[in-house]
Amino acid sequence: MNKAKNRKKRRAVVRFLAFSLPALIIYTLFWMAPIVMSAGISFTNWTGMTKLSESSFIGLKNYMNLFTDSILKITIRNNLVYGLIMILFVPVLAFIVAYLIENFTRKKALFRTVAYLPAILPSIVVVMLWKWMYNPSYGLVNKILEAIGLGNLGTGWLTNSDTALCAVTVTAIWKTVPTYFVLFMAGLQSVSKDLMEAAVLDGAGRMQVIKNVILPSISRITTIVYILIFIDVFRVFDLIYAMTGGGPGYYNTEMILTYGYKTTFTNSNAGYGMAITTTLILFAMVCTGIQLYFQNKRE
């Protein structure tokens with residue numbers, strides 16, 4: 001009996017060494033190592049233009065500068081506005097799309113493919129498409145406003161400091177919703193049909209079924225969606241950098257990550273740039289951990 005147990009243990013160790021250990025090493029090299037290196041650089045005055053060995057250790061100076069950086073405060077505000085809009089609209093729209101396709105369409109495969117298309121488009125294609133739509137002279141958005149008698153509301157959506165952030169956020173919503181509607185679609189397919197039929201037999205309307213049966217059944221997926229969106233909010237880079245470059249005006253659409261990139265590679269202040277990104281990573285990890293803790297406690 002003991003020999004059989006020992007053989008099982010040895011096989012488990014062999015499987016770990018054969019499969020899990022290489023994956024752990026790859027994960028460490030390609031994910032953890034850059035983060036640790038970035039954190040280390042954040043304690044130096046390295047410019048990024050010279051050898052790292054020529055830089056000096058300056059302790060927490062870069063992190064202290066975070067509290068007095070007026071531009072960073074603007075980027076935090078922009079990220080919060082962008083994040084609030086994304087968190088409010090993306091999960092709701094993703095659930096609505098998934099629910100409509102699952103319950104009101106016959107050719108589900110076709111509608112799923114069409115609905116998912118924005119998610120697989122390269123970011124540069126999305127940027128070119130929406131920059132054309134936002135064009136003040138011949139853009140589709142202004143043309144639609146003119147067609148319905150609201151031409152006076154037309155503007156240069158990406159060049160107007162009052163509308164640029166919202167315009168970029170709308171583009172992000174359009175590209176992001178399909179990613180999460182797939183998760184909701186999977187969740188809806190796992191909801192017990194017997195439970196929904198029982199609720200209908202008890203006289204529950206469609207909204208009551210959604211509220212009392214469907215949403216509680218997919219609560220874990222909903223939590224995952226919110227966590228992923230929260231992380232994405234602070235990872236936003238490509239759309240902002242390609243559509244507005246952080247402008248127009250005085251950093252009207254600048255995000256924390258784009259500012260950290262510019263600080264590192266444009267302003268040649270890699271130490272401070274790494275302090276910005278390291279702080280952002282730690283903040284996202286802490287907030288995600290808190291979300292998971294309260295979700296598990298509630299369940």
Side-chain angles (χ1 to χ4, degrees), residues 80-121 126 129-130 133 140-141 144-145 147-150 153 165-236 239 287-288 290-299:
L80 290 176
V81 173
Y82 171 85
L84 181 62
I85 297 173
M86 293 289 286
I87 289 172
L88 286 176
F89 285 96
V90 170
V92 175
L93 292 174
F95 174 79
I96 291 173
V97 171
Y99 185 81
L100 291 177
I101 292 177
E102 186 66 20
N103 293 278
F104 295 98
T105 60
R106 293 181 179 179
K107 297 182 179 179
K108 290 184 175 62
L110 174 63
F111 283 96
R112 288 171 189 164
T113 303
V114 173
Y116 190 67
L117 186 60
I120 62 176
L121 288 176
V126 174
L129 173 64
W130 280 87
M133 292 176 64
L140 183 62
V141 175
I144 291 175
L145 290 175
I148 61 176
L150 298 175
L153 297 179
L165 182 57
C166 287
V168 171
T169 306
V170 169
T171 304
I173 291 173
W174 181 82
K175 181 170 175 55
T176 305
V177 164
T179 301
Y180 298 108
F181 108 83
V182 173
L183 295 178
F184 280 120
M185 182 77 71
L188 290 173
Q189 292 174 354
S190 67
V191 176
S192 171
K193 303 297 182 184
D194 294 336
L195 227 82
M196 290 193 289
E197 290 173 2
V200 172
L201 289 174
D202 286 340
R206 189 176 297 276
M207 293 305 298
Q208 289 175 314
V209 172
I210 293 174
K211 179 182 177 182
N212 298 318
V213 178
I214 295 177
L215 291 180
S217 299
I218 62 171
S219 61
R220 181 169 288 276
I221 289 178
T222 303
T223 300
I224 293 172
V225 168
Y226 274 101
I227 290 172
L228 292 176
I229 292 173
F230 181 82
I231 294 172
D232 280 345
V233 162
F234 293 98
R235 288 195 313 138
V236 59
L239 288 179
C287 290
T288 302
I290 292 172
Q291 285 180 311
L292 289 173
Y293 170 77
F294 282 107
Q295 172 65 16
N296 291 332
K297 189 176 181 180
R298 185 175 67 85
E299 290 181 353

Novice: Roughly how far, to the nearest 0.5 Å, is the SG atom of Cys287 from the CD1 atom of Ile227?
Specialist: 11.0 Å
Novice: Is there a side-chain contact between Leu183 and Ile218 in this structure, where contact means two heavy atoms from C-beta onward sitting under 4.5 Å apart?
Specialist: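 SC-SC contact between Leu183 and Ile218 ruled out.
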Novice: Just grab all the ring-ring contact (aromatic ring centres under 6.0 Å, His included) pairs involving residues 180-202, residues at least two apart or on different chains.
Specialist: Phe95-Phe184
Novice: Which atoms form the tightest heavy-atom contact between Val191 and Ser217, and what is the distance?
Specialist: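 Nearest heavy atoms, Val191 then Ser217: CG2-CB, 3.9 Å.
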Novice: Just do the side chain to side chain contact (heavy atoms under 4.5 Å, CB included) check on Val225 and Val90 with the steps written out, would you?
Specialist: CA-CA 9 Å; Val225 168; Val90 170; 5.7 Å; no
Novice: Any donor-acceptor pair under 3.5 Å linking the side chain of Ser190 with the backbone of Gly187?
Specialist: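 It does hold such a pair.
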Novice: Using every non-hydrogen atom in the two residues, find where Ile101 and Arg112 come nearest and quote the distance to one decimal.
Specialist: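 For Ile101 and Arg112, the tightest heavy-atom pair comes out as CG2-CG, 4.0 Å.
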Novice: Quick check: closest heavy atoms across Leu188 and Ile214, and the distance to 0.1 Å?
Specialist: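 Shortest heavy-atom separation between Leu188 and Ile214 comes out as CD2-CG2, 3.4 Å.
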Novice: Once you round to the nearest 0.5 Å, how far does OG1 of Thr176 lie from CE of Met86?
Specialist: 3.5 Å
Novice: Drop me the distance from Phe89's CZ to Leu84's CG, to the nearest 0.5 angstrom.
Specialist: 9.0 Å
Novice: Hey, could you give me the CD1/CG distance between Ile144 and Leu150, rounded to the nearest 0.5 Å?
Specialist: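 Going from the CD1 atom of Ile144 to the CG atom of Leu150 covers 11.5 Å.
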Novice: With rounding to the nearest 0.5 angstrom, report the CG to NZ distance, Asp232 to Lys175.
Specialist: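 So the gap between those two atoms works out to 11.0 Å.
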Novice: Does the side chain of Pro91 come within less than 4.5 Å of Ile229's, by heavy atoms?
Specialist: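 Counting from C-beta outward, Ile229 and Pro91 do come under 4.5 Å.
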Novice: Does atom OH (Tyr116) have a neighbourhood of more than 12 heavy atoms from anything else shown, all under 6.0 Å?
Specialist: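 Correct, the count exceeds 12.
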Novice: Determine, step by step, whether Leu100 and Thr105 satisfy the side chain to side chain contact (heavy atoms under 4.5 Å, CB included) criterion, reporting the C-alpha distance in whole Å, the side-chain angles of both residues, the deciding distance to 0.1 Å, and the verdict.
Specialist: CA-CA 7 Å; Leu100 291 177; Thr105 60; over 6 Å; no
Novice: What's the separation between atom CD in Gln189 and atom CD in Glu102, rounded to the nearest 0.5 Å?
Specialist: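 The distance works out to 4.5 Å.
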Novice: Just distance, no hydrogens or angles: give the donor-acceptor pairs under 3.5 Å from side chains in residues 194-212, sequence neighbours left out.
Specialist:
| residue | atom | partner | partner atom | Å |
| --- | --- | --- | --- | --- |
| Arg206 | NH1 | Tyr99 | OH | 3.1 |
| Gln208 | OE1 | Gly205 | N | 2.8 |
| Asn212 | ND2 | Gln208 | O | 3.3 |

Novice: Of the non-hydrogen atoms in Val233 and Gly83, which two are nearest, and what is the gap between them?
Specialist: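 Closest approach of Val233 to Gly83: CG1-CA, 3.4 Å.
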Novice: I'd like to check the side chain to side chain contact (heavy atoms under 4.5 Å, CB included) partners of Leu110; sequence neighbours left out, ordered by chain and number.
Specialist: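 Partners of Leu110 by the side chain to side chain contact (heavy atoms under 4.5 Å, CB included) criterion, ordered by chain and then number, come out as Lys107, Val114.
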Novice: For Thr171 and Ala167, indicate whether the former's side chain and the latter's backbone hold a donor-acceptor pair under 3.5 Å.
Specialist: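 It does hold such a pair.
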Novice: Hey, are the side chains of Ile231 and Arg235 touching, using non-hydrogen atoms and a 4.5 Å cut-off?
Specialist: yes
Novice: How far apart are the closest heavy atoms of Pro118 and Val126, and which atoms are they?
Specialist: O-CG2, 4.4 Å
